[in-house]
Amino acid sequence: MRYSAPRGTQDILPRESPRWQYVEGKFRDICRLFGYNELRTPTFEETDLFTRSVGEHTDIVSKEMYTFQDRGERSMTLRAEGTAPIVRAYVQHKLHGEQPVNKFYYITGVFRYERPQAGRYREHHQVGIEAFGSQDPAMDAEVIALGSQFLATLGVGGCELKINSVGCPECAPQYKDALRQDVKPYLNELCETCQVRYDTNPLRMLDCKAPGCKEFTVNIPSIVDHLCQDCGDHLKAVLRYLDDLGISYILDPRLVRGLDYYTKTAFEFQSADLGAQSTVIGGGRYDGLVTQMGGPPTPAVGFGCGIERMLLIMEAQGIEPPINVHPSVFVITLGEATRELGIKLLADLRKAGIAAETDYSGKSMKSQMKAADREQAKFVVIIGEDELNQGLVKVRNMGTKEENDVPICEAVEKIAEALS
RNA sequence: GCGGGAGUAGCUCAGCUGGUUAGAGCGCCAGGUUGUGGCCCUGGAGGCCGUGGGUUCAAGUCCCAUUUCUCGCCCCA
């Protein structure tokens with residue numbers, strides 16, 4: 001085999017694509033219900049857009065981006081993440097000027113140079129939403145509720161919602177200092193990456209899985225107790241709304257997100273059916289990002305959801321989307337002379353909005369019947385020499401095995417009738 | 001980037017300790033009616049045994065490398 005899809009990428013074959021369409025369709029439906037409109041952005045952006053928003057010291061930026069130089073010697077990067085391009089478009093087109101609150105959704109490929117494994121690819125696909133212009137905790141709750149309803153609509157069960165607050169530029173630095181203070185005596189005993197994190201991103205020490213590190217951070221004061229008044233109130237309000245909406249959650253003070261732009265609310269929906277990659281939906285609030293990109297102060301909140309992971313969960317839970325649009329009618333022709341009439345009838349059926357198929361490989365009657373059966377045709381139209389001479393076609397109901405001779409000019413009409 | 005497992009027909013897999021022309025089930029194609037599907041029967045097509053080296057009289061089988069998939073770490077959707 002000379003060529004195959006690049007490592008970590010995949011072809012979505014016709015037998016799989018109905019599942020994708022189903023998931024994406026449900027997502028579009030829900031977005032419409034919640035008032036989110038689609039915003040499509042380019043597949044690649046200036047590299048700087050991602051490094052500055054996601055954060056230089058994050059894994060995504062430091063080792064996972066697909067970056068290349070274009071012929072104008074500009075550094076470009078394939079979409080490494082869903083939010084930054086949306087924010088860029090929001091600021092570039094001054095959408096904040098159109099209305100106070102803007103709500104968008106996207107369905108798109110995301111590219112990260114990672115070691116592939118179950119639920120993790122170099123090109124994966126996300127559906128996601130972003131809501132701009134409101135700092136109301138009810139907006140956080142709406143975003144989470146949309147995710148929750150998306151899962152429910154797909155019939156996906158058993159997902160846990162974990163939620164936390166990562167604070168704001170007021171209180172987060174203070175907590176980071178307190179964290180450093182607490183860890184400092186054990187610094188030499190932490191794992192290598194945590195020693196780097198100590199300086200660059202101390203919050204990440206909280207969710208380190210290395211057994212040694214866990215030990216030292218287990219007694220560390222919770223960020224929830226270090227939030228400023230505003231952030232604390234915000235978190236409480238979000239949780240209260242979730243209670244009101246009947247959305248159960250686990251408050252997890254150790255939940256940390258790997259992108260720098262998050263403020264206040266951070267959340268994930270996790271599933272036990274995913275193995276090591278347990279997060280299917282991840283998101284949070286990013287009140288400072290629009291300003292950072294040169295827009296007016298605009299609070300915002302959103303999430304991203306991995307389509308491949310959603311499909312994995314659905315498969316594990318035995319959820320089969322309703323699929324299969326089989327031709328309703330299969331046209332069988334017997335012999336050269338009947339072919340022209342058959343092709344014409346096939347076209348007429350299709351023009352009348354009736355799904356129709358025929359055989360293009362010159363098979364026998366029996367084989368054509370088998371093909372019709374395999375395609376689950378409801379009716380078969382048989383055109384042989386005899387019929388042709390009499391100006392008739394034979395219409396066979398595949399369910400009842402009834403056969404009727406019908407004048408050619410009435411065939412489409414009769415079939416349409418029978419199908420309705 | 002690090003560690004474990006795997007790669008044989010379109011699909012799911014079998015090939016024991018190295019030994020003739022590499023097998024099964026499903027699927028596909030054809031026949032069993034002269035112009036009629038599902039079930040059944042018969043036959044057929046289809047494999048550089050992931051790729052490249054090595055050991056050997058002899059390699060699908062043993063060794064090395066490589067690549068892809070897979071599981072875990074890391075991180076994330």
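Letters A, B, ... mirror the listed sequences (proteins, then strands); counts begin at 1.
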Centre-to-centre under 6.0 Å for A:Tyr66 and A:Phe44, is that the case here?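 Between A:Phe44 and A:Tyr66, which both carry aromatic rings, the centre distance is not below 6.0 Å.
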
Whether [X] side chain and [Y] backbone form a donor-acceptor pair below 3.5 Å:
{"X": "A:Asp11", "Y": "A:Leu13", "value": "no"}
{"X": "A:Arg88", "Y": "A:Met293", "value": "no"}
{"X": "A:Arg74", "Y": "A:Glu46", "value": "no"}
{"X": "A:Arg122", "Y": "A:Arg112", "value": "no"}

Indicate whether any N or O donor in one side chain lies under 3.5 Å from an N or O acceptor in the other, for A:Thr279 and A:Glu268. yes

A:Arg339 and A:Thr333 side chains, donor-acceptor separation under 3.5 Å: yes

Check: [X] side chain, [N] base, donor-acceptor under 3.5 Å:
{"X": "A:Arg120", "N": "B:C74", "result": "yes"}
{"X": "A:Gln376", "N": "B:G38", "result": "no"}
{"X": "A:Arg15", "N": "B:C11", "result": "no"}

What is the separation between atom OH on A:Tyr121 and atom P on B:A77, rounded to the nearest whole Å? 16 Å

Paired nucleotide for B:C49 [Watson-Crick or G-U wobble; both distances under 3.5 Å]: none

Which nucleotide, in any strand shown, forms a Watson-Crick or G-U wobble pair with B:C69, with both distances under 3.5 Å? B:G5

Between A:Thr279 and A:Ile382, just flag the one whose closest nucleotide in RNA chain B comes earlier from the 5' side.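 That would be A:Ile382.
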
Proximity to RNA chain B (any heavy atom under 4.0 Å), residues of residues 35-66 of chain A only: A:Asp59, A:Glu64

Checking all strands, does [X] fall into the base, sugar-phosphate, or nothing category for heavy-atom contacts under 4.0 angstrom?
{"X": "A:Ala372", "result": "nothing"}
{"X": "A:Ile281", "result": "sugar-phosphate"}
{"X": "A:Glu81", "result": "nothing"}

Dump every N/O contact between nucleotides 65-69 of chain B and the protein below 3.5 Å, one line per pair.
{"from": "B:C69", "atom 1": "OP1", "to": "A:Gly8", "atom 2": "N", "distance (Å)": "3.0"}
{"from": "B:C69", "atom 1": "OP2", "to": "A:Arg7", "atom 2": "NH1", "distance (Å)": "2.9"}

